[in-house]
Amino acid sequence: MTGDFRPQSDFLSTLTGRGFLHQCSDLAGLDKIAKSGELVAYIGFDCTAPSLHAGSLVQIMLLRWLQKTGGKPIALMGGGTSRVGDPSGKDASRQLLPLETIAANKEGIKSVFAKFLSFGEGKQDAIMQDNADWLASLNYIDFLRDTGRHFSVNRMLSMDSVKLRLERDQELSFLEFNYMCLQAYDFVELCKRHNCVLQMGGSDQWGNIVTGIDLGRRMGTRQLYGLTSPLLTTGSGAKMGKTAQGAVWLDNSMLPPFEYWQYWRNCEDGDTGRFLKLFTELPLDEIARLEALGGAEINEAKKILATEATAMVHGREAALQAAETARKTFEENAPAENLPSVEIEAAAIEAGIGVLAAFVKAGLAASTGEARRQIKGGGLRVNDQTVTDERALIGPHDLTGGAVKLSLGRKRHVLLKVA
């Protein structure tokens, strides 16, 4: 992407060195502003879920590095655009959420950013803005006349978010077609309100970002810039932030720190160095050393990745506790008390709970049918003993310290604790 260009600013040097940079509308122009210490940039986050997951971490880290290198980040909450739904990368319309759900999701997402950015009134302090502040009160006729006239339908139809949907013969509603107009208007509004000149996002947002730059030019703002990061997948092609069990949430009420730690510990060998650059703040020379480890030693690099990434989201203490829990569980084969746990009533244990039902209750199997298939494949264990009888009962004799350790494979464990 950068070719022979050598960034002078700490911001673009960091992004280039750590693998964040995919496209930029004007590297030299942006580099000059970043070096001056006057760069204000934003990324938008629609409020479609009660938290963000690991798939959003690249964007969050872009804002964090911006602040650490002297810029001012804006986390734009999509309280307005969430009512429409971004069609990018989708074959069907997003579910339209009630306003109450959007508001609740926004509060959950806010708590994530408090872990990564410093908010306040200072020059480099982050701002959290909601685009509902201007979108919700727009007059439709005025918007069409004053802003809509600057958009070319021909150009909008050429954007990937629109073109790919139409090429797959999937319906695109007029509501969704307007999304890029609203996102472009956000950019112009943030420039007017906060002197914001840079919009960042994933590479699938390039068309929307360029549309905002063009709208700013037509509406008389100062020069605007766009920058995208690569869309991230694992070495095997899996989508970042997703597992077979669901999303890797950044909220500990939705995913315990231990399971978050495990997600990073279990990354593919070939992803370790790349993830260390993107999701930790370790120096690049240290990452190069860890990346060069071979054989079983790469597992030590993965543990460092897991601990550093978990510390960023859940704090250093929780990260170290998760690492110690993993050590006890996998290296000492002990039923560590800090494993994720699910409570069960004492009466249920006294009467005996079926092993299939126990694994479903613990969230290690989606159904009794899935648990049964796992047993046939030798994948379920109770207190580290492989389950062979699908009709077995878990009772008082299985308790150790008031809990039973249930395991799916070698890497997922839950304690069934007596309430």
Side-chain angles (χ1 to χ4, degrees), residues 11 20 25 30 39-53 55-67 71-88 94 97 99 101-121 124-138 143 147 161 178-213 215-216 219 221-222 224-229 250:
F11 176 60
F20 285 97
S25 61
L30 181 60
L39 181 59
V40 182
Y42 90 96
I43 300 177
F45 300 84
D46 277 343
C47 310
T48 52
S51 177
L52 297 176
H53 59 67
S56 297
L57 271 176
V58 169
Q59 310 311 317
I60 296 172
M61 291 300 291
L62 279 172
L63 292 176
R64 182 175 172 89
W65 280 116
L66 172 68
Q67 187 169 52
K72 186 179 186 71
I74 299 175
L76 182 67
M77 297 292 98
T81 43
S82 296
R83 303 181 193 183
V84 175
D86 184 0
S88 300
R94 294 178 187 267
L97 301 174
L99 297 185
T101 302
I102 292 173
N105 289 347
K106 183 174 71 174
E107 292 306 310
I109 292 171
K110 280 183 178 180
S111 66
V112 172
F113 282 101
K115 304 171 183 178
F116 290 89
L117 301 175
S118 174
F119 291 87
E121 303 299 324
Q124 291 177 226
D125 284 336
I127 296 172
M128 183 164 284
Q129 183 88 57
D130 188 342
N131 62 15
D133 293 347
W134 52 83
L135 295 181
S137 59
L138 281 179
F143 182 73
T147 307
S161 59
N178 276 270
Y179 186 93
M180 71 174 72
C181 301
L182 300 179
Q183 183 171 330
Y185 187 73
D186 284 345
F187 201 174
V188 171
E189 192 69 27
L190 287 171
C191 182
K192 291 178 179 177
R193 291 180 180 227
H194 302 294
N195 203 25
C196 176
V197 296
L198 172 64
Q199 181 183 175
M200 301 186 289
S203 58
D204 62 334
Q205 292 296 314
W206 181 248
N208 290 342
I209 292 173
V210 171
T211 300
I213 294 173
L215 180 63
M219 295 185 71
T221 69
R222 59 179 292 191
L224 302 180
Y225 300 85
L227 183 152
T228 62
S229 59
L250 306 181

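All values derive from a computational prediction rather than experimental measurement. Side chains are part of it too, since the values below use all heavy atoms of this structure and drop only hydrogens, waters and symmetry mates. Counting from 1, the numbers follow the sequence of the chain as shown.
One finds the CG atom of Leu215 at 10.5 Å from the CZ atom of Phe187 (value rounded to the nearest 0.5 Å). In this structure, the separation between CG on Asp46 and OH on Tyr179 is 3.5 Å, given to the nearest 0.5 Å. Between atom CG of residue Leu30 and atom CG of residue Leu224 there is a gap of 11.5 Å, rounded to the nearest 0.5 Å. Here Leu76 contributes atom CG and Asn131 contributes atom CG; the two are 5.0 Å apart, rounded to the nearest 0.5 Å. Once rounded to the nearest 0.5 Å, the distance linking SG of Cys47 with CD1 of Ile109 reads 4.5 Å. Between the CG atom in Asp130 and the OG1 atom in Thr81 there is a gap of 8.5 Å [rounded to 0.5 Å].
Contact record, Cys191 with Arg222: SG-CG, 3.9 Å, taken as the closest heavy-atom pair. The heavy-atom pair separating Leu66 from Ala41 by the smallest distance is CD2-CB, 3.6 Å. Here the closest heavy-atom approach between residue Leu135 and residue Tyr185 is recorded as CD2-CD2, 3.9 Å. The minimum heavy-atom distance linking Phe143 with Cys181 is given by the pair CZ-O, 4.4 Å.
Within the 4.5 Å cutoff, the side chain of Val197 has no heavy atoms near those of the Val40 side chain. Side-chain contact between Leu63 and Met200: present, with at least one pair of heavy atoms (C-beta onward) separated by less than 4.5 Å. Using a 4.5 Å cut-off on side-chain heavy atoms (C-beta onward), Trp134 and Val188 make no contact. The shortest distance between side-chain heavy atoms of Asn105 and Leu97 falls below 4.5 Å.
For Phe113, the ring pair (Phe, Tyr, Trp, His ring centres under 6.0 Å) criterion is met by Phe45, not counting sequence neighbours. Every residue two or more places apart in sequence or in another chain was checked for a ring pair (Phe, Tyr, Trp, His ring centres under 6.0 Å) with Phe119, and none qualifies.
A side-chain donor from one of Gln59 and Ser229 sits under 3.5 Å from a side-chain acceptor of the other. Gln199 and Gln183 share a donor-acceptor pair across their side chains, judged by distance under 3.5 Å alone.
One N or O on the side chain of His53 and one on the backbone of Gly55 form a donor-acceptor pair closer than 3.5 Å. Looking at Lys115, its side chain does come within 3.5 Å of a backbone N or O of Leu250 through a donor-acceptor pair. Between the side chain of Lys72 and the backbone N or O of Gln67 there is no donor-acceptor pair closer than 3.5 Å. At least one donor-acceptor pair closer than 3.5 Å links the side chain of Ser25 to the backbone N or O of Gly226.
Pairs engaging residues 181-202 under the salt bridge (Lys or Arg N to Asp or Glu O under 4.0 Å) rule: Glu189-Arg193 [sequence neighbours left out].
Screening Gln129, Lys106, Glu107 for a side chain to side chain contact (heavy atoms under 4.5 Å, CB included) with Met77, the sole residue that qualifies is Lys106.
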